[in-house]
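Chain letters run A, B, ... following the sequence lines, proteins first and then strands; every chain starts at 1.
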Protein chains: 2
Amino acid sequence: VQWDFGVPDIRIAPARALGRAYGRVLRRHAATVLAYDRYSDAPEAPLKAELIAMLSMNRSLAIEPDELVLTRGSQMGLYLIARCLIRAGDLVAVEEPGYSPAADLFRRLGARVAPIAVDGAGIQVDALAALHAERPVRAVFVTPHHQFPTTVTLSASRRLALMELCARARIALIEDDFDHEFHYDARPVLPLASVDSARVVLYVGSLSKVVAPGLRLGYVVAPKPFARQMEALRRLIDIQPDLVQAGAVAELFQDGEIPRHLRRARRIYGARRDHLAALLRARLGGVLEFELPAGGLAFWCEVDPPIDVEEWAKRAQALGLVFRTGRRFYLDQRPRPFVRLGFGRLDEREQAQAVARLVRAIPRQRSA
Amino acid sequence: VQWDFGVPDIRIAPARALGRAYGRVLRRHAATVLAYDRYSDAPEAPLKAELIAMLSMNRSLAIEPDELVLTRGSQMGLYLIARCLIRAGDLVAVEEPGYSPAADLFRRLGARVAPIAVDGAGIQVDALAALHAERPVRAVFVTPHHQFPTTVTLSASRRLALMELCARARIALIEDDFDHEFHYDARPVLPLASVDSARVVLYVGSLSKVVAPGLRLGYVVAPKPFARQMEALRRLIDIQPDLVQAGAVAELFQDGEIPRHLRRARRIYGARRDHLAALLRARLGGVLEFELPAGGLAFWCEVDPPIDVEEWAKRAQALGLVFRTGRRFYLDQRPRPFVRLGFGRLDEREQAQAVARLVRAIPRQRSA
């Protein structure tokens, strides 16, 4: 069993509806979607229109089509942003603990990456300001909604402070809102991009959690000149979007399949969250400590200090259970007493089995 | 009417079969193709196996799965190659006239691009050798099968000379075999990659012409260490291949749809080639001169010198006919007395209409 760190359950994805949508698009619109896009007028317009409507209705983001760039998943969004924004030697700030693929990307492109600590209110904006006072920060990468991996929501005062700092200092604010849709206890918090009057936010979204990770369809919202630059780079990498896929997903929106799926998925994931919380408290109460996350697809658990978490993971693997420990969310990759446990992908029975193995794998405690 | 410069006719593409294949994959294999690929074992293996079988059977290319990198069309193949290979200031040689998007890409990535003339036997290898003697050439980009845009096939002696030069001088030989399948009068010429004992060839292929340009599915064959490097960069850009698409295309191969489509397409395009040749000779005999190409999807026509080709294109556009003149295939973009006219996308009736407009648009001849 692989215990994911927060991915959706493919078994509830609208796979058949998606298959039918592909079929329809290829029956009705083959002449457009199978051709080079220069032979027709804005063939990706239907999907863009659906995304724009969704962003407006659910996230208070009012944008125009040429502020929206279609990408292959959010990873390509980050790549395009980084390539257009960052020059070798630039300083880029990231949350720590944080989403290491983003930090890896910035480093690979020549940036110096500086970690900014995350606490119970999200990224410590004071620390970012202090860093910037020392040396200009080109960009900061944040996941304010359900911080990755801690699941913390950026507090209202920190939101304000972060926006003010970035606007004043012209720091590009890369906002990755990777699982906006999955919020259980209240209404989702609106993106920073929705209150971005200074236009410093580059907003990255994806349908990987909405439909399925294998769909590889993401987008970036950016000011027009930057969006144009990203679009030009995307064409250099990948002449045109996958219009077949874009058409199929537009159909899923049009016939209401995506909102329907999301309502169902939220109900299922909400129940699984509560189930796993109860299970962990009952079976691992003294070992793992966590806050019930308001959204997202995973718990961030602190491990009781006497337990060596890396040893625990090793023993679990021997029992056939793989899970992710804290180290991979830190730039220095050194062991940290945390684990991130997804609650979306495993159903109740599977959660019980996985927790049973977790319990069996607990190593003898280190002597102090 | 847009007179393309050599693209397939979407109307004969196996669109419905592709739609059914998407549907089947999403019914039968959703758990694999909709998930992150790390949750299953080589989920792109079925498509790779089909491509490997095709390359072995039709192109005498014997390769292993880890010498094959899946990409979004050949453009991404070129991007990955260029990023992994070229450092700012490197010298890259390209055919002239040639495929300008490749030259643009190399330049955009900081390379110095040097044009090497193409004649009736393909790229002038002596000129490449002379250039290299002056200043080391890092890579050369060639389209030896049906040279783009001249349609010329690289002669046997030039093939040998090019391979020897690249092997001796360790020049990376980027071979773009973009329309291998469309050869009419004899068997296709085997790729340089099939006789690459020195392993200097990076072989770029695509299903854009085989199935349809909108499909965005290409591949690169490269020595393992370089393939690994490309794979790592691809993951940085675009975490994983589109497994839904990969699965659907694998099904098209498995049920014989692709070979069946290719047989039919070759018959249709061969007839259209002959039809357009007859038409051009009858209606524009004194104005356009061309060799009947053995393969590909377009004619390369020399325009009678007294006629100003740019003026002709302008007048044609006023009559509703767009066609591509020679200038866009040269680095300096200066007017050249050539046009490239596709014969695949327009059917016989459309060809007749387009030629009629071409004739009507002929400008008065310049006085000498």
Value rounded to 0.5 Å, distance of CG in D4(B) from OH in Y36(A):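 The distance works out to 10.0 Å.
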
Nearest-0.5 Å distance that lies between atom CG in D242(B) and atom CG in L217(A):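 With rounding to 0.5 Å, CG (D242(B)) is 9.5 Å from CG (L217(A)).
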
Among [options], who wins on heavy-atom pairs under 4.5 Å with chain B?
options	value
S74(A), A248(A), A82(A), G214(A)	G214(A)
I237(A), L80(A), L18(A)	I237(A)
R27(A), M76(A), R72(A), Q75(A)	R72(A)
R20(A), R11(A), Q240(A), R24(A)	Q240(A)
R38(A), R16(A), Q245(A), R83(A)	R83(A)

Pick from V7(B), L78(B), L215(B), L243(B) with the largest number of heavy-atom pairs that fall under 4.5 Å of chain A: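 Between V7(B), L78(B), L215(B), L243(B), the count favours V7(B).
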
Winner by heavy-atom pair count (cut-off under 4.5 Å) against chain A, out of A35(B), G218(B), A30(B):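 The option with the most such pairs is A35(B).
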
Parallel, tilted or perpendicular: ring planes of Y22(B) versus Y22(A), cut at 30 and 60 degrees: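 Aromatic pair Y22(B)/Y22(A) classed parallel.
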
Nearest atoms (heavy-atom pairs only) where I10(B) meets L34(A):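 Closest heavy-atom pair between I10(B) and L34(A): CD1-O, 3.2 Å.
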
Interface residues of residues 100-110 of chain A facing chain B - non-hydrogen atoms under 4.5 Å apart: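 The list, in residue order, reads L105(A), R108(A), L109(A).
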
Segment of P8(B) engaging chain A (4.5 angstrom heavy-atom cut-off):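 No part of P8(B) comes within 4.5 Å of chain A.
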
Contact class of T32(A) relative to chain B, heavy atoms under 4.5 angstrom: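 Neither part; nothing is under 4.5 Å.
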
Residue part contacting chain B, namely of A13(A), when any heavy atom lies under 4.5 Å: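 Side chain only.
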
